[in-house]
Structures are given as structure tokens and as C-alpha cells.
Chemist: 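What follows is a single structure, and I will ask about it in a moment.
When a residue number appears, it is its place in the shown sequence, counting from 1. The model shown is predicted, which means the values in this text are computed figures rather than measured ones.
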Amino acid sequence: MINFLNLEYFLVAAEELNFTKAAKQLFISQQSLSNHISNMEKEFGVILFNRTSPLTLTYAGQALKKRARQILALKDETYRELADIKDFSVGRLTIGLSHTRGRVILPEILPSYREQFPNIDLSLMEGNSTMLDNGLLHGDVDLIIGMLPFKVENVGTVPICEEEILLAVSDAVLERSFPGHLEEIKARLNEHTDLALLSRCPFLLINEGNRVRTLADEMFEDAQITPRIVLETENIETVLALAIRGMGITFYPKMFISSHRDFKDKINQNTPMNFYSLDYPRAHGTLGIGFHKGHYMSQAAREFIRIAKEVL
């Protein structure tokens, strides 16, 4: 019969490939960890690790590592499902989203959620789109919030609200790039946001792996231009702040602008700022919640989705 504790210890050791580090992570002695591994090898009648330097997995160990993840995930889902059936009074919910989107969305959802379900243990995973998709795939998060579609297999989605990515351009950038033609260029951008028109301008972009950056790269490709990128960063607020100061052009979600109470003051203190709706279908999308269709969805997750749909 499988011992879950042995299986959990084995999986940590298989991922670390170092008994000393694995034991430290598990807060047990190296000898105790070795005993757990030996017990599993006796139970299955196979050798799981090649005791070499560095430590490696045998073929049997590789097979067990894959199955161990599945078995432990199924165990966790089973406990959560039975807890829901018994009494929806306690539980755990992990939400994945970008830190900037969290600043906008979570104050709308979490106070109501906490008031209705005070005993649910909430936690967040904050990162870019690629990190969140991987978190959902591997069971590290229960729900992710972002622009649809999510680029991860076997994901179910619940649309929440419309979202749009805007082009953020300061007068200062246009004046430097088109001296004496500021109003003419602004008029042309109001009629049609052709990125090819701005090919000589500097751009500020967030790093690859973020959905907004992916959209930007697709639009550059459609416009058949190679942008002059003067800065890349993980923080979308940084690129906006620098765009306001006239350092370059960037892309920014419309939803985030409405959350800045002092946004107009920031602009007035620096340089006139223009936001243009992009003539690209992919810049107009839907914000949604994603869940793994192959995993049990807890009552805590279902209630979060319900409240999110109500308040957004």
C-alpha cells in the first residue's frame, strides 16, 4: 500500500536530486529521508536513485516521479472534494494574476468574498501570463485571471468583462519624431492607429511572456515594422510612467487607467498624454477566469467566480 508521506518525500528528493537539500527543505534529517526512500525501494522492489555524484533518477525513479505528482494531486483534490461535501466552512483558494491587474480587480472582489467566506484561506500567485499558465497547468493555482484566450491546455474559461489595450503616446515623443507636424500626426492617429506611421519612434515594452507584450509583437509583425525598443521591463507601471515623461510609446490596458485616481494629475505635471484605440482586433478582448478542466473545482473557487461575475 502506498504511503503518501514516503511519496511526498520521494518527490522532493527527485526534484532536488540532492538528499541534503531535500532533507533541509522537508525539515527532517538526511538519514530519515534516506530511510523513507529505502522503504519505497523495498516496497516496489526497484532502485529509484543512482547513488552517484550528482544524484540521478533510474528509469523506475523517473516513472515514479511522474506518477507521484499525479497521485498526490489526486489525493489533494479528493480531500478538498470531501471537505466541501462535509461542510463548506473551511478551505483554501489560490488565485493567479499579474500584480497590476490584482491592484485593479482584487479590491472589487476580495472584500465581499472575505465577508461571505471568512474561513477560506486565500493566497495569490503574482506573475506574467506564462508563469500563471504554468501554475494552472501544474496545480499550483486554482484560478487565473487574465486576457482570453489562455495559452494552456485543458483550461476552462469564464468571461468576466471586456478589456482593451490602448496605445499610449505623449506629445513630447511625437514632437521629437515629427518636428513641426505634431497636430497633423495626432489627427492621423485619431483616424487610424497605424503603427507603421510610428516606426521611427522609441518604444517602451514589458518583457516577453506577458500577454500585452505578445499582442504588441503581433501588431508590429502585422504592421511589418521592427520597433526601436529603448527599454524592456517586467513592470507595466514603469513603462507607463516613463511614457508619461516622454521617453517612448507603450501599450497599456484601458482597465488600469480607470484605476488611477491621480492619473490626470500625473499627466498634467509632466507632458500631454494621448491614448489611442488600436485598429487591431486582438487589442480588443475579454478578461476572464481560467480553471483546469481536469482538476476538481472546489466550492471556494466556484464562489469566487460567482462574486467576480457579480462585481465586475
Chemist: Please answer: with hydrophobic residues joined when any side-chain heavy atoms are less than 4.5 Å apart, are Ile165 and Leu148 in the same cluster?
Modeler: no

Chemist: Hey, quick one: are Phe291 and Leu312 part of the same hydrophobic cluster, counting side-chain heavy atoms closer than 4.5 Å, chains of contacts allowed?
Modeler: yes

Chemist: Return yes if a side-chain donor-acceptor contact under 3.5 Å exists between Thr238 and Thr233, otherwise no.
Modeler: no

Chemist: Check step by step if salt bridge (Lys or Arg N to Asp or Glu O under 4.0 Å) holds for Glu8 and Lys75.
Modeler: CA-CA 11 Å; Glu8 290 171 0; Lys75 183 203 77 168; 2.8 Å; yes

Chemist: Has Glu15 got more than 12 heavy atoms of other residues, nucleotides or ligands less than 6.0 Å from its CD?
Modeler: yes

Chemist: When clusters are formed by joining ILVMFWY residues with side-chain heavy atoms under 4.5 Å apart, either directly or through shared neighbours, do Ile257 and Leu242 land in the same one?
Modeler: yes

Chemist: Between Tyr252 and Phe256, how do the two ring planes meet: parallel, tilted or perpendicular, split at 30° and 60°?
Modeler: perpendicular

Chemist: Does the side chain of Leu143 reach to within under 4.5 Å of the side chain of Leu136, using non-hydrogen atoms?
Modeler: no

Chemist: Looking at every heavy atom in both Ala243 and Thr250, which two are closest together, and how far apart are they?
Modeler: CB-CG2, 3.8 Å

Chemist: Check for me whether the distance between the ring centres of Phe19 and Phe49 falls short of 6.0 Å.
Modeler: yes

Chemist: Between Val104 and Glu108, does a side-chain contact (heavy atoms from CB on, under 4.5 Å) hold up when you go through it step by step?
Modeler: CA-CA 8 Å; Val104 178; Glu108 302 295 328; over 6 Å; no

Chemist: For the side chain of Thr56 and the backbone of Thr52, is there at least one donor-acceptor N/O pair under 3.5 Å apart?
Modeler: no

Chemist: If you take all heavy atoms of Thr286 and Pro159, which pair is closest and at what distance?
Modeler: CG2-CB, 3.9 Å

Chemist: If you take all heavy atoms of Leu97 and Gly102, which pair is closest and at what distance?
Modeler: CD1-CA, 3.3 Å

Chemist: Would the distance check show the side chain of Asn274 and the main-chain N or O of Val169 forming a donor-acceptor pair, the cut-off being under 3.5 Å?
Modeler: yes

Chemist: For the residue pair Leu33 and Ala23, what are the closest heavy atoms and their distance?
Modeler: CD2-N, 3.7 Å

Chemist: Could you list the donor-acceptor pairs under 3.5 angstrom formed by side chains in residues 196-205, with sequence neighbours left out?
Modeler:
unit_1, atom_1, unit_2, atom_2, d
Ser199, OG, Ala196, O, 3.2
Arg200, NH1, Ser177, O, 3.2

Chemist: Quick one: OG on Ser123 to CG on Leu93, what's the gap to the nearest 0.5 Å?
Modeler: 7.5 Å

Chemist: I want to check something: taking the side chain as every heavy atom from C-beta on, are Leu64 and Leu7 in contact at a cut-off of under 4.5 Å?
Modeler: yes

Chemist: Is it true that atom CZ of Arg67 has more than 12 heavy atoms of other residues, nucleotides or ligands lying nearer than 6.0 Å?
Modeler: no

Chemist: Specify the closest pair of heavy atoms between Leu132 and Gly127, including all atoms of both residues, with the distance to one decimal.
Modeler: CD1-O, 3.7 Å

Chemist: At their closest point, which heavy atom of Leu122 faces which heavy atom of Arg114, and how far apart are they?
Modeler: CD1-NH2, 3.5 Å

Chemist: Please determine whether side-chain contact (heavy atoms from CB on, under 4.5 Å) holds for the pair Phe304 and Ile289, giving the CA-CA distance in whole Å, both sets of side-chain angles, and the decisive distance to 0.1 Å.
Modeler: CA-CA 10 Å; Phe304 182 91; Ile289 295 177; 4.2 Å; yes

Chemist: Quick one: does Ile236's side chain get under 4.5 Å of Pro253's, heavy atoms only?
Modeler: yes

Chemist: Taking Glu164 for the side chain and His284 for the main chain, is one N or O donor matched with an acceptor at less than 3.5 Å?
Modeler: no

Chemist: Centres of the Phe220 and Phe251 rings: under 6.0 Å?
Modeler: yes

Chemist: Inspect the contact between Glu218 and Arg213 and indicate whether a charged nitrogen and a carboxylate oxygen are less than 4.0 angstrom apart.
Modeler: no

Chemist: Step by step, would you call Arg306 with Glu303 a salt bridge (Lys or Arg N to Asp or Glu O under 4.0 Å)?
Modeler: CA-CA 5 Å; Arg306 175 185 64 79; Glu303 293 297 337; 2.7 Å; yes

Chemist: Got a salt bridge between Arg188 and Glu183, using NZ or NE/NH1/NH2 to carboxylate O under 4.0 Å?
Modeler: no

Chemist: Determine whether Met273 and Phe178 fall in the same hydrophobic cluster, where Ile, Leu, Val, Met, Phe, Trp and Tyr are linked whenever their side-chain heavy atoms lie under 4.5 Å apart.
Modeler: yes

Chemist: Between Leu287 and Glu162, is any pair of side-chain heavy atoms under 4.5 Å apart?
Modeler: no

Chemist: With sequence neighbours left out, write down each residue that passes side chain to side chain contact (heavy atoms under 4.5 Å, CB included) with Asn39, or none if nothing qualifies.
Modeler: Asn6

Chemist: Is there side-chain contact between Arg92 and Ile120, with heavy atoms separated by less than 4.5 Å?
Modeler: no

Chemist: Under the 3.5 angstrom rule, does the side chain of Ser129 hit a backbone N or O of Arg211 as a donor-acceptor pair?
Modeler: yes

Chemist: Heavy-atom count check: over 12 atoms from other residues, nucleotides or ligands less than 6.0 Å from Glu221 CD?
Modeler: no

Chemist: Group every Ile, Leu, Val, Met, Phe, Trp and Tyr by side-chain heavy-atom contacts under 4.5 Å, then state whether Phe150 and Val212 land in the same group.
Modeler: no

Chemist: Mind checking the CZ-CG spacing from Arg176 to Leu182? Nearest 0.5 Å is all I need.
Modeler: 12.0 Å

Chemist: Going by atom types alone, do Glu126 and Ser98 pair a side-chain donor with an acceptor below 3.5 Å?
Modeler: no

Chemist: Are side-chain N/O atoms of Asn207 and Glu234 paired as donor and acceptor at under 3.5 Å?
Modeler: yes

Chemist: Any side-chain to backbone donor/acceptor pair from Ser32 onto Ile28? Under 3.5 Å, distance only.
Modeler: no

Chemist: Going by an N to O cut-off under 4.0 Å, is there a salt bridge joining Lys186 and Asp171?
Modeler: yes

Chemist: Determine whether Thr58 and Val46 make a side-chain contact, defined as any pair of heavy atoms from C-beta on separated by less than 4.5 Å.
Modeler: no

Chemist: Could you grab the distance from atom CZ of Arg245 to atom CG of Leu240, nearest 0.5 Å is fine?
Modeler: 12.5 Å

Chemist: So do Leu189 and Asp194 actually touch side chain to side chain, heavy atoms under 4.5 Å?
Modeler: no

Chemist: Could you note down all residue pairs passing side chain to side chain donor-acceptor pair (under 3.5 Å) where residues 132-150 supplies at least one of them, sequence neighbours left out?
Modeler: Arg80-Asp142

Chemist: List the steps, then state whether side-chain contact (heavy atoms from CB on, under 4.5 Å) holds for Ile144 with Met125.
Modeler: CA-CA 9 Å; Ile144 57 175; Met125 172 188 280; over 6 Å; no

Chemist: Distance-only, no hydrogens or angles: does the Thr193 side chain make a donor-acceptor pair with backbone N or O of Tyr276 under 3.5 Å?
Modeler: no

Chemist: Can you tell me how far the CG atom of Leu11 sits from the CZ atom of Phe4, to the nearest 0.5 Å?
Modeler: 13.0 Å

Chemist: Under the 3.5 angstrom rule, does the side chain of Glu163 hit a backbone N or O of Met255 as a donor-acceptor pair?
Modeler: yes

Chemist: Take Ile225 and Leu195, measure what side-chain contact (heavy atoms from CB on, under 4.5 Å) needs, and give me the verdict at the end.
Modeler: CA-CA 8 Å; Ile225 66 170; Leu195 290 180; 4.2 Å; yes

Chemist: From the options Val158, Ile105, Ile160, select the one residue that forms a side-chain contact (heavy atoms from CB on, under 4.5 Å) with Ile145.
Modeler: Ile105

Chemist: Quick one: pull up CD1 in Ile305 and CE in Met297 and give me the separation to the nearest 0.5 Å.
Modeler: 4.0 Å

Chemist: Going from CG on Leu48 to NZ on Lys65, what distance comes out if it is rounded to the nearest 0.5 angstrom?
Modeler: 12.5 Å

Chemist: I want to check something: taking the side chain as every heavy atom from C-beta on, are Val141 and Ile95 in contact at a cut-off of under 4.5 Å?
Modeler: no

Chemist: Take atom CD of Glu115 as the centre, draw a 6.0 Å sphere, and report whether it contains more than 12 heavy atoms from other residues, nucleotides or ligands.
Modeler: no

